[in-house]
Undergrad: 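Below is one structure. I have some questions about it.
What you see is a predicted model; the values in this text were computed from it and never measured.
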Amino acid sequence: WGRDHDRDRPSTSARRWSEPTVRHTTLFTALALLLTPARAGAQEATSRRELLTRAEAASRAGQHAEALALGEAAGRMQMTPSVELFLAEEHEALAEGDGRGRHLLDAAAMAEACVRDANAQPALNNRERILARCTELLGRLNARIARVRVAVAATAPAGTEVRLGGRVLT
């Protein structure tokens, strides 16, 4: 009985080899899983910095559409008030060409987000400078944008539509 039972268990030398190996493999796997998000986060931060560096270079070269696309890609990784400021400035630069109305509105929306987000982050690096630039940009943009407020009475007849430029306002 004893010998048959012992055959089902690994020999002592096999146990000494397999138990530490299993422990080391488990430990290695656990460490790899723990470090993967950190490594991925570090790679994403590097990639984001590279995108922003390329975006700034494109902007300096007057390639605002490329700068905007690169800045938006960086913003999808992590949006910050400084990225919002950059995007607002690029939209403003593009507002001088084709599609200027859209870019002007997008610039104002980004500048508004920048002001809001910078105000919400008292510990933000360069907060005062970013906030001042966003506020100045927003003021400059608002001077160029016409705003219309339409108030429809609650007692308006059913089916009433308000149109601006042929488009129904909601």
Undergrad: Count the heavy atoms belonging to other residues, nucleotides or ligands that lie under 6.0 Å from CZ of Arg149, then report whether that count exceeds 12.
TA: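 No - once you tally the heavy atoms of other residues, nucleotides and ligands closer than 6.0 Å, there are 12 at most.
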Undergrad: Counting N and O atoms only, with roles assigned by atom type, does the side chain of Thr160 sit under 3.5 Å from a partner on the main chain of Ala156, one being a donor and the other an acceptor?
TA: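 Pair absent, no side-chain N/O of Thr160 close to backbone of Ala156.
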Undergrad: A side-chain contact here means heavy atoms from C-beta on lying under 4.5 Å apart; do Glu66 and Leu70 qualify?
TA: yes
Undergrad: Looking at side-chain heavy atoms only, is the closest gap between Val115 and Leu131 below 4.5 Å?
TA: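 Heavy-atom side-chain distance check passes, below 4.5 Å.
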Undergrad: Are the side chains of Glu89 and Arg133 in contact, using a 4.5 Å heavy-atom criterion?
TA: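 Result yes, sub-4.5 Å side-chain heavy-atom pair found.
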Undergrad: Report the C-alpha distance between Leu68 and His103 in whole Å, list the side-chain angles of each, state the deciding distance to 0.1 Å, and finish with yes or no for side-chain contact (heavy atoms from CB on, under 4.5 Å).
TA: CA-CA 11 Å; Leu68 179 62; His103 284 294; 4.0 Å; yes
Undergrad: Roughly how far, to the nearest 0.5 Å, is the CG atom of Leu52 from the OG atom of Ser59?
TA: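 Answer for the OG-CG pair, Ser59 versus Leu52, is 12.0 Å.
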Undergrad: Measure the CD1-CG distance between Ile130 and Asn119 for me, rounded to the nearest 0.5 Å.
TA: 12.0 Å
Undergrad: Less than 4.0 Å between a side-chain N and a carboxylate O, is that true for Glu92 and Arg140?
TA: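 Here Arg140 pairs with Glu92 in a salt bridge, since their nearest N and O are under 4.0 Å apart.
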Undergrad: Is the count of non-hydrogen atoms from other residues, nucleotides or ligands lying under 6.0 Å from Arg167 atom CZ greater than 12?
TA: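 Incorrect, the count does not exceed 12.
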Undergrad: Would you check if Cys134 and Glu84 make a side-chain contact, meaning some heavy-atom pair closer than 4.5 Å?
TA: no
Undergrad: Can you tell me how far CD of Glu96 sits from CG of Leu104, rounded to the nearest 0.5 angstrom?
TA: 8.5 Å
Undergrad: Could you pull out the closest heavy-atom pair between Arg127 and Ala118, with the gap in Å?
TA: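 Here Arg127 and Ala118 meet closest at NE-O, 2.8 Å.
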Undergrad: So that I can tick it off, tell me whether Arg48 and Glu50 are bridged by a salt bridge, with the cut-off set at under 4.0 angstrom between side-chain N and carboxylate O.
TA: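 A salt bridge is absent here (no side-chain N lies under 4.0 Å from a carboxylate O).
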Undergrad: Going only through I, L, V, M, F, W and Y residues with side-chain contacts under 4.5 Å, is there a path from Ile145 to Leu85?
TA: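 Result: yes, single cluster for both.
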Undergrad: Group every Ile, Leu, Val, Met, Phe, Trp and Tyr by side-chain heavy-atom contacts under 4.5 Å, then state whether Leu51 and Phe86 land in the same group.
TA: no
Undergrad: In the single-linkage hydrophobic clustering (I, L, V, M, F, W, Y; side-chain heavy atoms under 4.5 Å), do Leu141 and Leu105 co-cluster?
TA: yes
Undergrad: Measure the spacing between CD of Glu90 and CD of Gln63 and express it to the nearest 0.5 Å.
TA: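 It is 10.5 Å, given to the nearest 0.5 Å.
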Undergrad: Find the distance between CG (Leu124) and OG1 (Thr80) and round it off to the nearest 0.5 Å.
TA: 7.5 Å
Undergrad: A side-chain contact here means heavy atoms from C-beta on lying under 4.5 Å apart; do Ser82 and Asn126 qualify?
TA: no
Undergrad: With side chains defined as the heavy atoms from C-beta onward, is the minimum distance between Met110 and Leu137 less than 4.5 Å?
TA: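 Side chain of Met110 against side chain of Leu137, heavy atoms only: no contact under 4.5 Å found.
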Undergrad: Nearest heavy-atom pair of Pro81 and Cys114: which atoms, and what distance?
TA: O-SG, 3.4 Å
Undergrad: Please tell me if the side chains of Gln121 and Asp117 come closer than 4.5 Å, counting only heavy atoms from C-beta onward.
TA: yes
Undergrad: Below 4.5 Å, heavy atoms only, C-beta onward: do Val83 and Gln78 meet side chain to side chain?
TA: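 They are not in side-chain contact.
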Undergrad: Could you pull out the closest heavy-atom pair between Ala111 and Ala88, with the gap in Å?
TA: N-CB, 3.7 Å
